[in-house]
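Structure record follows, encoded as structure tokens.
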Amino acid sequence: DFETTPEAVGDTQLCTCLINKDGVRLSTTEHLIAAVAAMGIDNLIVELDSSEVPIMDGSALPFIYLLQKGGIEEQNVAKRFKEKVRIEEDGKWAEVEPYDGFHIDFEIAFNHPAINESRQRIGLDITTQSFIEEISRARTFRFMKDIEYMHANNLALGGSMDSAVVLDE
């Protein structure tokens with residue numbers, strides 16, 4: 001069993017990896033968790049037969065489709081909100097805090113010509129509709145130098161050039 005809490009995140013090296021109380025790792029959770037959150041789902045059981053969530057096409061869109069197709073049932077239980085959480089490491093940080101809605105300000109910076117040529121920043125009020133229309137098709141990207149490392153560490157084994165944008169030097 002895994003919980004999607006900040007405390008469960010055990011590794012963010014090239015993916016989001018959850019680690020449960022028994023030390024079992026579940027990798028590549030980011031697109032599934034994003035789709036679940038965007039659909040307003042906060043109580044869900046997902047069964048997997050692998051230690052990695054399928055990459056699908058490298059975006060959250062297939063998970064949105066599956067959640068819509070399966071249907072969403074509203075439960076008669078109030079949602080619980082936690083206090084602000086901030087994680088910092090090597091000069092990078094992420095912060096989440098309670099808010100009446102869901103707003104994201106995000107900026108990405110990599111020393112790479114394809115990314116440095118334009119400022120990669122977004123500020124967006126996230127609703128189910130805005131996530132589906134503006135974010136869910138965003139694709140995973142990787143640097144070519146990372147692919148061999150990932151495979152050697154049993155990550156992205158189902159990945160291909162069809163499921164990610166791969167950048168070389």
Side-chain angles (χ1 to χ4, degrees), residues 2-21 23-42 46 51-61 63-64 80-127 130-159 161 163-169:
F2 289 88
E3 292 188 16
T4 54
T5 62
E7 295 80 21
V9 176
D11 190 3
T12 56
Q13 182 75 19
L14 303 174
C15 74
T16 302
C17 178
L18 303 178
I19 301 176
N20 72 8
K21 63 184 180 337
V24 177
R25 300 170 65 87
L26 179 62
S27 298
T28 321
T29 61
E30 53 274 8
H31 296 136
L32 173 59
I33 291 172
V36 168
M39 299 301 292
I41 299 169
D42 61 3
V46 177
S51 62
E52 184 176 30
V53 175
I55 192 68
M56 311 295 266
D57 73 346
S59 78
L61 190 60
F63 296 110
I64 294 284
R80 295 178 302 199
F81 295 94
K82 295 188 175 191
E83 66 280 352
K84 179 167 80 171
V85 175
R86 182 178 178 108
I87 299 170
E88 297 183 46
E89 185 175 314
D90 299 329
K92 298 172 265 185
W93 60 271
E95 184 173 88
V96 179
E97 62 184 275
Y99 174 72
D100 186 18
F102 181 24
H103 181 86
I104 188 168
D105 285 309
F106 182 82
E107 183 173 3
I108 189 168
F110 283 97
N111 185 18
H112 189 278
I115 297 171
N116 284 342
E117 289 176 8
S118 63
R119 188 175 180 101
Q120 302 295 319
R121 182 181 179 93
I122 186 171
L124 183 66
D125 283 312
I126 307 287
T127 64
S130 69
F131 183 87
I132 291 170
E133 291 175 2
E134 300 185 45
I135 296 175
S136 70
R137 290 176 180 86
R139 302 285 302 281
T140 291
F141 78 90
R142 291 285 175 252
F143 297 107
M144 186 67 77
K145 63 183 169 84
D146 295 330
I147 301 298
E148 188 174 305
Y149 170 85
M150 292 175 73
H151 286 177
N153 287 280
N154 292 323
L155 295 172
L157 298 179
M161 293 300 210
S163 63
V165 174
V166 180
L167 304 172
D168 63 12
E169 286 72 33

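The figures here come from the full heavy-atom set of this structure, side chains too, leaving out hydrogens, waters and symmetry mates.
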Please name all residues satisfying side-chain contact (heavy atoms from CB on, under 4.5 Å) with [X], sequence neighbours left out, ordered by chain then number.
| X | value |
| --- | --- |
| Ile126 | Phe102, Ile104, Leu124, Ser130, Phe131, Ile135 |
| Glu95 | Lys84, Arg86, Trp93, Glu97 |
| Thr16 | Val9, Thr29, Glu30 |

[X] and [Y]: which non-hydrogen atoms are nearest, and at how many Å?
| X | Y | answer |
| --- | --- | --- |
| Gly10 | Ile19 | CA-CD1, 3.6 Å |
| His103 | Gly123 | CE1-C, 4.3 Å |
| Phe63 | Val53 | CZ-CG1, 3.8 Å |
| Ala138 | Ser59 | O-CB, 3.2 Å |
| His31 | Gly58 | CE1-O, 3.2 Å |
| Leu26 | Glu52 | CD1-N, 4.0 Å |

Open item on the list: Counting C-beta onward and ignoring hydrogens, is there a side-chain heavy-atom pair between Ile33 and Leu18 closer than 4.5 Å?
Closed with: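 In contact.
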Open item on the list: Strictly distance-based, threshold 3.5 Å: is any side-chain N or O of Arg25 a donor or acceptor partner for the main-chain N or O of Asn20?
Closed with: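 No, Arg25 side chain to Asn20 backbone: no donor-acceptor pair under 3.5 Å.
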